[in-house]
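Given the structure is predicted, the values throughout are model-derived calculations rather than measurements.
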Amino acid sequence: MGSPQGGRLVRDTARTGDQWFRLLLAAMAAAVPFVIGTMVVALIAAAWPAILRFGARFLITTTWDPVASQFGVLSFVYGTVVSSALALLIAVPLGLGVSIFLSELVPGWLRTPISFLVELLAAIPSVVIGLWGIFVLVPWVRTTAEPALQASLGFLPLFRGPPLGLGLLTAGLILSVMVVPFVVAVSTAVMRAVPTAQREAAQALGATRWETTRTAVLPYARSGILGAIFLALARALGETMAVTMVIGNVAQIRVSLFAPAYTIPAVIANEFAEATGDLYVAALVYAGLVLLVVTVAMNALARLLVNRVVQGPSFIAE
Amino acid sequence: MQVMRVRLMVLALAIMLLGGGLSTVRAQSPVILNGAGATFPYPLYSKWSQVYAAEKGVQINYQSIGSGGGIRQFIAKTVDFGASDGPMTDEQIAQAGGRVLHIPMVAGAVVVTYNVPGVTSGLNFAPDVLADIFLGKVTKWNDPRLLQDNQKAVLPAADIVVVHRSDGSGTTNIFTNYLSKVSPQWKTQVGEGPSVNWPTGLGGKGNEGVAGVVKQTPYALGYVELAYALTNKMALGYVRNKAGQFVPPTLSSTSRAVDGALASIPQDFRVFFTNPDGKDAYPIAGFTWILIYGEQPDPVKGKALVTFLWWATHDGQKYAPTLLYAPLPKSLVARIEQTLKTMTAQGAALLP
């Protein structure tokens, strides 16, 4: 009952402020979908001649012939998806290993230098990584890695064909170098955020260090780790420069990882500047649209996977 | 008092500078010409722009965004001139609406470069063999047809690793135009253009990408611009020309190619003069063009543009050889003069 007048004034001001704030936040939230929406509309509009001309055939054919105006994007989709998958196959176990080491095992004085170096890797421009790829990675893959793989696993069709150094394998390797920092930075952060009580509880039950990590830390950090993998996947799918410098840029689908391939971002970057003719430009934009859809689809797929894993039985219950 | 005097002096100085500045502006009324297009002639155009600004006070901005982009900007009329390593198609000219002029600036050549351990420059390539290598039909370095033209060289039984440009480029346009002229199968199966559907080989991005792959991969073979190959001291293949000679790619053999093609160059200059006549002509060569509208909207800018093009095709040519471009022959320049004289602005001729 003290001073109702004053209290009301405060409430009113607060309410107007709240409303403004709410409006502002709503506008901010609307901005992102708006940008994505206009982007999709603009892409569809620019790709329209190619969509009309090729329709779904664009998605299931592999011929990319600007001279004859025949365009199919399947080999680029294959190259994009396989190189990204390879990158994750290498980067996720490696990155998780580094993260577990950094959060659970490392002596304090070593943690900062290692995380600093890993983060530095993320800061290197992709064209520089591409140059390193051309001058260091490609010769190494050609003279060492591919012959070794051929000698040991050559019975698999995956490792057949002449070792050229330029191809899917090298693209996957260079992408893994580029996405490892994302996996490491995010997963280390989430693992370190796991409460000490979790670890202590596991240790009190007689768990070894590895058992503690496996039963107490990893399950707790699971959703964060999966987030890290998405981030890495998104980066790998969209990477252009470094990949185009080492993948060999040939629009084909081959089982062998030694064979040159091509990705959607690479073909757009390579050909857009010199593309003449409406249909050609439209086909490149259409390819961009397909990349957008592939990215969304891969993300959705990954999210589905996460939901199942997160809701599924936890490691502790095993 | 002191302070006062200093202030007055500063003020006087400022007025002088300002006045001086204004009067120069009035006297020269600087014209800026904007152009965009091919990357191949960029070093030359940027040299011209620098020299021309110093000598004539006309500023030329050139953006090297690629020939395709140059043609698009030119059609959209966002630039005063376009630049391209390939001529515009009839369809593009119709889109542009208006009289489109192709003015040749200099010529360049495309060279075959390779990496065969122990073999230096000077391997001989017959046109049909070259086409079959890029078609994937000749796959070994010791193919009998290669050996026949290179009896002194020791060629191994290794696979040829074919390398081509992955990005769209005028270099590819000239090279595939040449292959289409010398190989009927290439013409029907692949065709010509800045990007084509390659039957075989790896793609490298840019001259440096192709050069990088060739230099590092034993038994690789690719094609790059002459200027790039000369600057980087790459192994150069000799190509057999129409007269049956194996010709080394040089600036002078490129000029001989222009000479050999002169008679067959059409009135609008829209031609790839690959595989020309002439004993010393290097067969894989082409022009780079500046694209302009015959009817200029603005008399002042139009006058500046035509004056610049006149200078570029006359005095400007002396900068070409040092930058490794082949200058235009005199007789061709005479024909360009005739074309430039047809340029008008608001119905009036721009040149006397």
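Considering only heavy atoms from C-beta on, B:Gln95 comes within 4.5 Å of A:Asp278 through its side chain. Under the 4.5 Å side-chain criterion, counting only non-hydrogen atoms from C-beta, A:Asn270 is in contact with B:Lys205.
For the pair B:Arg72 and A:Tyr280, the cation does not sit on the ring face, since its NZ or CZ is not both under 6.0 Å from the ring centre and inside 45° of the axis.
By number of non-hydrogen pairs under 4.5 angstrom with chain B, the leading residue of A:Ile247, A:Val267, A:Val138, A:Leu166 is A:Leu166. Put simply, of B:Gly193, B:Gly69, B:Gly168, B:Ser166, the one with the most heavy-atom pairs under 4.5 Å next to chain A is B:Ser166. Of the listed residues (B:Ser169, B:Ser67, B:Pro194), the one with the most heavy-atom contacts under 4.5 Å to chain A is B:Ser67.
No part of B:Glu91 comes within reach of chain A, as not one of its non-hydrogen atoms sits under 4.5 angstrom from that chain. Proximity to chain B is limited to the side chain of A:Val281, based on heavy atoms less than 4.5 angstrom apart. For a residue to count as touching a neighbouring chain, one of its non-hydrogen atoms must lie under 4.5 Å from one of that chain's; by this rule B:Val213 touches chain A with the side chain only. Using a 4.5 Å cut-off between heavy atoms, A:Thr63 contacts chain B through its side chain alone, with no backbone atom that close. Residue B:Gln92 touches chain A through its side chain alone, counting heavy-atom pairs closer than 4.5 Å. Within the 4.5 angstrom heavy-atom criterion, atoms from both the backbone and the side chain of B:Val196 approach chain A. For a residue to count as touching a neighbouring chain, one of its non-hydrogen atoms must lie under 4.5 Å from one of that chain's; by this rule A:Phe135 touches chain B with backbone and side chain alike.
Residue A:Phe272 holds its CZ atom at 14.5 Å from CG of B:Asp167, rounded to the nearest 0.5 Å. Going from atom OG of B:Ser195 over to atom CH2 of A:Trp64 covers 9.5 Å, rounded to the nearest 0.5 Å.
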